[in-house]
Structures are given as structure tokens and as C-alpha cells.
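See below for the structure under consideration.
Heavy atoms only: backbone and side chains are in, while hydrogens, waters and symmetry mates are out. Position 1 is the first residue of the sequence; numbering continues from there.
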Amino acid sequence: MTSETGFDVDKYDRFPTTEPRPAGELEQLEQAWCGPRTPWEWITATNNNIIGVYYVGAAMLFFVLAGVLALLMRTQLALPMTGFLAQDTYNQIFTMHGTVMMFLFAVPAVEALGVLLLPQMLGARDLPFPRLGAYAFWAYLIGGLAFFCSLFFGLAPDGGWFMYPPLTSMTYSPGINADFWLLGIGFIEISAIAGAIEIIVGVLKTRAPGMTLDKLPVFAWAMLIFACMIIIAFPSIILATLLLELERALGWPFFDPLKGGDPMLWQHLFWFFGHPEVYIIFLPAAGAMSTIIPAMARTPLVGHPLVVMAMLATGFISFGVWAHHMFTTGMPQISINYFSAASMAVSVPAGVQVFAWIATMAAGRMRFSTPGLFAVGGMVIFVMGGLTGVMVAMVPFDWQAHDSYFIVAHLHYVLIGGMVFPLFAAIYYWLPMSSARPLSESWGKWIFWLMFAGHNLAFMPMHLTGLMGMPRRVYTYLPGRGWDLPNFISTIGAFMFGLAVLLWVIDMIRNFRPFGPREAGNIHDGPGLEWLPSGFYSVRSIPVVKSLYPLWDQKGLAEDVAAGRYFLPGAARGERQTLVTSPLNAEPQYVLRIPRPSGWHLFGAVFTAGFFLILTIQAYAAAVVSGVLAIYCIMRWCWFLDAPHTRKTTEIGAGIRVPNYVSGPSSHGWWAMVIVLIVGGMVCLLAGFSYVFLWSRRPDLWQAPPPISSLLVSVGLLAVAGLCALAAPRAVRVARDGAVSAATGLLVLASAGVIAASIVEGRAWWTTGLQPDFSSQGASVYALLSWAGTFAAIGGLMGLYVVLRRLFGRLAAERPSTVDLIGLFLAFTAAQSIGVILLVRLFPGSGL
């Protein structure tokens, strides 16, 4: 298999470089990737092996905090008519527990595990956007801590982690408690999307040479599917939070039935995100299980291709089961039948993975060390939760068990068995990568058995209390209903689980020693590249991969990598670099220059968090200032991108030279921009669904759109803008003289066109007398136009940015990536705006 760069994986029986490495090469590499030395450098670090540890630590902090809230709730429910917590306080704690566990622990924890492990697992020096990953972490940490601290000021939300309107409307939740949830969670999900972008591009573009898709580690497959699901699902919760905040702050009636809104819209949007989120959480944990169990059994994973296909099927089917949570809302029978069937079908690929794990344990000799215990325990608990999941997929049973403690038990069996136990298995298995000492094996077994027994004591009785009629979300109950003993046993089990977590925290304090001169190493005999000798640069040289289990099958690989005998063994010109390969066959394409740490991503995260948090208290002037500062920091962060290279190519080893710069679809930046536009398109598509859904509820409230003349003007402006945006990259590549000036002018025209079209269309609707707070039509129309207008405003900033780069000489015809990406964004903006305008003008058929 030979690429156009001359790479042939079959040519290298062992390693491509046989001659001795130049003197001082390793020292130069260590200097380029040197670790932080001052407190400021620790804060502004971007290395994945530093940010990954921070990320996992922050997620586990929120896990512990949410667990403390759970113990407070269980204390309140241990006995009937307990006065330990007031009703309002219990509602806040109940809401914060679910919100923190789902939004601040579960998804960030598995994303953090990916940030920490993927570069080493893929044989890369770092992920392609390290500052974006660091920005996502700091945004998550700052926003999460601010959100949690609202509990101490009586400002925590109290409407449940699902925040159903009308309970969370201004009528029933008049304070700013709900606003903290809406703006805080919406912002945190944006940081999750930023992390997903880095994971997708990293897995597809920074694999070691020879790591074709059939040799891609199963955990990397899981993280790729996980990140793609985030890109599709999370725009739904972002839109839902935006719509409810617009209703609360400005009175736009999306969910108010008196003005044509419908609370059911929230449930559709929320659960389109909420049910796939269960599998978003499960898939990386399943990927970890499919990695740990073979290592513990010392045998390859049985049915590896089937496991990968099962994960793909799970990701696909999960988007067809959101109304599984809405069987009791009065949906049409045909919808209920479809979603019931899909809810049962999604258990099939999960079963494939479970049987593959059992077969792997049977094929090898399973070692029941702490990672093995947590893996097997998680599998047992998850299967039990899956069985009750099939039960609630049966509509008649769901009608009886819905909103009872049976659902609480089912939820926790699935999430704790499918995510928490695998996460602890992953921590015990992979922690020696980052720590000079592993965790205690004897303590680990005590922790496992306490956690396993505590979980079953806590949640098994809840099945019984649910079937006996105990509703969920109640802060107390009357005696004499048979609920007393099961609730008391559940509380004992919860405290046993809490004791296990406390022992784990103590063990971490005793043994975790990160960022030292050495690591504990591959104490479990793992077969993946993540166990290669590493430093802050991850791997000394990037190996050629010829097997799914390279450390088992490629003898001497670790020693040869550490000796610099593979690709990119040094730091050319003292820069941080990694190798970019093709998405399918992992053939070397170009060398990516990794930016050094700076403070701009940190400042951008702080001011972005400040913008959302200040909006919560309705200090709009201060929020605008914080938003402007965030934009400035992000533009300064981007200012240093697309910088010139002193050399056009670099020799990566074995006489192979690859470019130092590429543009267009081969570049990592192009892939990232496409993913961003998919996110924007998903928000717009779901907003269009909301528009049609609300029309179907109250078509009598819909009025005629503006005259067709303004429609022609708007669409004409957008068409011209789109053509200019598409022509700009072409102009750079074709024109010989004035290429940069021509491209700059085209992009400025495109920016001006989309802004002008937004103004024309907004004014046309305003002159009809339709106001956004009059009816659901007005709210929907102006929400869609506002979304398109936001993209137009960002396009305007991009037009300003490209002009500034032109004036300061930072645009060049040989470096067209800036023009490519801005042109792509503006073309999408024009197309999206045309789609929005045609929808609101021509549907439901009175636009002409």
C-alpha cells in the first residue's frame, strides 16, 4: 500500500530508521515539549497529558459533589415524614444532583478520558487543536463551579434536571434560578461540542502511519462515535435552552398554550438530546470495557468487527427512541408503536457487546484485579438495567411504571453499570500512564465490593417501592404504605457507596503522583500504543502500526520508539509537531505545527463564561462587555494561526518528505469548520422542526408573510453573497496577481451581503405587525431569523478579521486556509439564511 508520499507500510518489517540518531535530538525534543515550570505555565498548559488529567480530576470532583447531594436526599427519604430538608431545599438538591451528574460529570468524564488517552493511543504527539481542548476544559470548569455554587445562595434551579415547562416558566419559577440552569447548561454544552470537534478530527487525522480503520483501537472507535453523536444531539438541548430563556426573558411564547405555544415542544427537543445522551455516555465506557477486558484476559477481543458495528448501530438507533420517555403524553398510537419497537431494538447491539466481553473472558484467563473486578461488576449491573429497560419499552408496563421509583432504579442501574463502574475500571487500568505509583490493589478490591454491594442495596429496593406506587421527585412520604423499609435499606446502600468513593479519594491522595520524571508503566501488560514510553511529547517517535494489538504483536516496538527509530523522532527547528495522516488508510499527509501554550484560550474561556453568567443576573451592559472581550481574546488566539513556514517540507524519516502546510479538504482546519457548520445546521434544522410543530398545534394563529418583493431582495442578496464566498478560495488559487486582494474583497462582499439580507428580512417582517411576543408564529419566525442573523453577524466579524489580516500582511496566496475557512462559513451562512427565509415565507403555503 503506497501513498503519493512514498509510504508503504509493508516495506518496514520492523522500523524505518536504522542509523544512529543525531546527538542532542532527544534533548531538543524535550526542550520543545518542556513541561510547565511556573504556576502561570501550569494554568495555560495545553498538552493533552496535562489538560487530560485536569479534565478527569474536575469531572470526578463533580461526581463527588453530586454524590454528597444524593446522600442528603437519601437521608431525607430514609424514614417517612422526615424534616431533615425543607421542600424547597430538597427540590434544589434533587435538581442539582441530576444536573451535575448528567451534564457536569457523565459526558465530561468520558470526554476527558478521550482527551487524556487518544493521542498516546493513536501514536500522536497531541490532538490537532490543543488550545481548543484547553478552552473547552476551562469553560467547563469555570461554568460548572459557578453553576454549582448557586446552591449556596438559594439560586439553584428547582424544576428537575429535565426542566419541564410550564413548571419552569416565569409564572411558576419567577426568580433567576431557572435562568442559571438554562444559560449555564447551554454554555457547558458548547464546551462539550468544542471537545467533540477535537476528538473527531484527532481520531480521523492524527493516527500513526499504518493504523487503518481496521486497526483502530476499539476505544478510539467508541470516542469517534461518541463525538459524532454529540455533534448531532447536543444542538437540540442548546436550542431548547435558548427558546425557554427567550420565553422567560422576553416573553416569546414557545411553550405558552395561550399564545399558540406547546410545552410538548420542550419534551421533544429535550429528549432528542436526552435519550441519545445515555448512549453517548455508555459507548466510551463500553469502548473502555472492550479494551480492559482483553488486557485482563490476555487475549484479543472476541468479535472485534462485530463490536465496532454494534457501537455504530447503537449510535444510529439511539436517535430513534427519544419519545420512549413520552409514552404517557398522549402521542398518536403509530408513534408509540414505532418508538416502542426502536426502544427494544437498541438493546440488540448492546447485547452483542456484552456477549463479546463474556466470550473474551471465556477465551482467555481473566485476572480479577481491581480493573477486572470493576469491568465485570459494571457488566452485571448494566445487564440488569438493560433488562428493566426492555420492560419499560413495553408501552402497557411503561404506563404503570412511568414517573415511579421503578424508573429511578432503572436509570441508575443503566448509568452506574454502563458508565460509573467502567470509569473506575478505566481509572485503575490507565492511571499508571500518568502517575509514578499505581493505586492500591488491596484498597481497590475493598472499594469495588463496597461500591457493588452499596449500589445494589441502594437501587434494588427502588424497583419494589416503584411497583408499590411511590412516585419519583417527592421529598417525603406518609407512613403505613410499605415504603419505609425499602427506603431505609436504600439509604444504607447509598452510604455504603459513598464510603467506597471516600476510600477511593483517600487512596488517590495517598498514591496519585502525576507529572513526575517517571510513570508506573504498563503494569497490566496492555497491548495498545498508550503504553509506549512517553514524556510531555507523548511518544519519542511515531511508529508504524501493523496490528490491532501492536505491543503484543510487534516485538521490540517500545524500545525502537524510545530510541527514535520511527517517524518524526525529533523537533524540527525546535517546534512542537505531530504527523497528520489520511482518514482511511493513515498514510502520512503533512506535518502539523502544534501551537505553544498561551493565555488567550484561558482569557477567552473566562470572558465567555462571564458573558453567560452575567446574562443570568440580567446585567446586560456588563454581559456585552464580557462578550466583546471574549471575541477579542478568541480573535487574538486565531491571529497566530496560518503563520508562514520557513520550509515547505520536512523529512519525517526513511527519506520520506511531506509538506508542512496544506489547505482545503486535506487540512485539519477544514474538517473542524465542517463540523462546526454541521452543529449550526442541526440547530437550524431543529428550529425549523419547532416552527412546523407549533404551526400544527395552532394553525389558526398564523398570519400572512410580508410581500414577495422583499423576499426577492433578501434571497438575491444571499445568492450573491454565497457566490462571492465560494469564489474567494478559487480566486486565491487561480489569480496570479492580486490574488489576496481579490479574495479579501470577495469575502467582504459576502459578509456585507448576508448582513444586508438579514436586515432586509427582519424589517420586512416587522412591518407586517407580527411581534415576537404576540404568538408562537412570531416567536418562531423571529427565533429563526435571529439564528440566521447571528451567523450573519459572525460573518461580519470574519470579514473584519480578513481585512485586518490583509492590512497586516498575514494573508498570502501560498497560505489560503484563512480564506478557505471563512469562505466556507459565509457560503453556509448564505445557504442557511435562504433556507430559513423560504421556510417562514412559503410554509404553510401563503408566502406567494
Side-chain angles (χ1 to χ4, degrees), residues 60-102 104-106 148 151-152 156-162 377 381 384-385 388 401 403-417 419-421 424 447-505:
M60 297 310 295
L61 169 65
F62 286 118
F63 172 71
V64 172
L65 293 175
V68 172
L69 299 182
L71 295 180
L72 294 176
M73 289 191 295
R74 286 313 317 168
T75 302
Q76 168 66 19
L77 294 171
L79 298 170
M81 301 299 291
T82 303
F84 178 70
L85 295 175
Q87 181 176 355
D88 290 344
T89 304
Y90 181 89
N91 288 341
Q92 290 187 13
I93 290 176
F94 155 73
T95 301
M96 290 295 288
H97 167 74
T99 301
V100 172
M101 279 297 191
M102 295 299 289
L104 296 179
F105 162 64
F148 188 85
L151 190 64
F152 302 110
D158 56 4
W161 75 275
F162 36 80
I381 292 172
M384 296 171 70
T388 57
D403 274 348
S404 74
Y405 256 76
F406 188 94
I407 303 301
V408 177
H410 158 69
L411 172 70
H412 284 84
Y413 263 86
V414 170
L415 293 181
I416 292 178
M419 188 269 168
V420 175
F421 272 73
F424 273 88
I447 290 167
F448 166 76
W449 286 113
L450 279 172
M451 196 175 289
F452 186 81
H455 167 83
N456 285 289
L457 274 178
F459 297 106
M460 184 68 76
M462 292 184 187
H463 294 95
L464 178 62
T465 55
L467 293 176
M468 294 169 67
M470 182 174 178
R472 63 195 299 193
R473 308 164 194 154
V474 293
Y475 85 105
T476 191
Y477 51 94
L478 295 173
R481 298 192 175 188
W483 304 345
D484 308 32
L485 181 60
N487 272 292
F488 187 73
I489 294 173
S490 290
T491 300
I492 293 174
F495 275 89
M496 286 181 63
F497 197 102
L499 176 61
V501 175
L502 176 62
L503 291 176
W504 174 79
V505 171

Practice problem: Assess whether side-chain contact (heavy atoms from CB on, under 4.5 Å) is satisfied between L485 and I489, documenting all intermediate values. | Solution: CA-CA 6 Å; L485 181 60; I489 294 173; 3.9 Å; yes
Quiz item: Given side chains that start at C-beta, do those of W504 and L450 come closer than 4.5 Å, heavy atoms only?
Solution: no
Practice problem: Supply the atom-to-atom distance Y413 OH to N456 CG, rounded to the nearest 0.5 angstrom. | Solution: 3.5 Å
Self-check item: F452 and F421 aromatic ring geometry - parallel, tilted or perpendicular at 30°/60° bounds
Solution: perpendicular
Quiz item: Taking only residues two or more places apart in sequence or in another chain, which ones pass ring pair (Phe, Tyr, Trp, His ring centres under 6.0 Å) with H412?
Solution: F459
Quiz prompt | Flag side-chain contact, heavy atom, 4.5 Å: P471 against D403 | solution = no
Exercise. Search all heavy atoms of A458 against all heavy atoms of S490 and return the closest pair with its distance.
Key: O-OG, 2.8 Å
Self-check item: Whether T465 side chain and M462 backbone form a donor-acceptor pair below 3.5 Å
Solution: yes
Quiz item: Does the side chain of D484 reach to within under 4.5 Å of the side chain of P479, using non-hydrogen atoms?
Solution: yes
Exercise. Indicate whether the side chain of N487 and that of R74 have a donor and an acceptor atom separated by less than 3.5 Å.
Key: yes
Exercise. Please tell me if the side chains of M470 and R481 come closer than 4.5 Å, counting only heavy atoms from C-beta onward.
Key: no
Quiz item: Should the heavy atoms of other residues, nucleotides or ligands under 6.0 Å from CZ of F488 be counted, would the total exceed 12?
Solution: no
Quiz prompt | Separation of Q76 CD from Y90 OH (nearest 0.5 Å) | solution = 7.0 Å
Practice problem: Let me see the working for F84 and L79 under side-chain contact (heavy atoms from CB on, under 4.5 Å), right down to the final yes or no. | Solution: CA-CA 10 Å; F84 178 70; L79 298 170; over 6 Å; no
Quiz item: Can you name the closest pair of heavy atoms from T75 and T491 and give their distance?
Solution: N-CG2, 4.3 Å
Self-check item: Stepwise side-chain contact (heavy atoms from CB on, under 4.5 Å) check, M101 with L415
Solution: CA-CA 10 Å; M101 279 297 191; L415 293 181; over 6 Å; no
Quiz item: Is the side chain of H97 donor-acceptor paired with the backbone N or O of A66 at a distance under 3.5 Å, no angle test?
Solution: yes
Quiz item: Are M496 and W449 close enough, and set up right, to give a side-chain contact (heavy atoms from CB on, under 4.5 Å), and what steps lead you there?
Solution: CA-CA 10 Å; M496 286 181 63; W449 286 113; over 6 Å; no
Quiz item: Do the side chains of M96 and W161 get nearer than 4.5 Å, heavy atoms only?
Solution: no
Self-check item: Spacing of F94 atom CZ and D158 atom CG [to the nearest 0.5 Å]
Solution: 10.5 Å
Self-check item: Distance in Å, T99 OG1 paired with F148 CZ, rounded so as to fall on 0.5 Å steps
Solution: 11.0 Å
Quiz item: Between Q87 and Y475, is there a donor-acceptor pair closer than 3.5 Å when you use the side chain of the first and the backbone of the second?
Solution: no
Quiz item: Side chains of L151 and L69: closer than 4.5 Å at any heavy-atom pair?
Solution: yes
Quiz item: Among all residues two or more places apart in sequence or in another chain, which pass the ring pair (Phe, Tyr, Trp, His ring centres under 6.0 Å) test with F162?
Solution: Y164
Exercise. Drop me the distance from L499's CG to F497's CZ, to the nearest 0.5 angstrom.
Key: 11.5 Å
Quiz item: Do you know the tightest heavy-atom contact between T95 and G160?
Solution: OG1-N, 2.8 Å
Self-check item: L457 CG to F495 CZ distance, which is reported to the nearest 0.5 Å
Solution: 13.5 Å
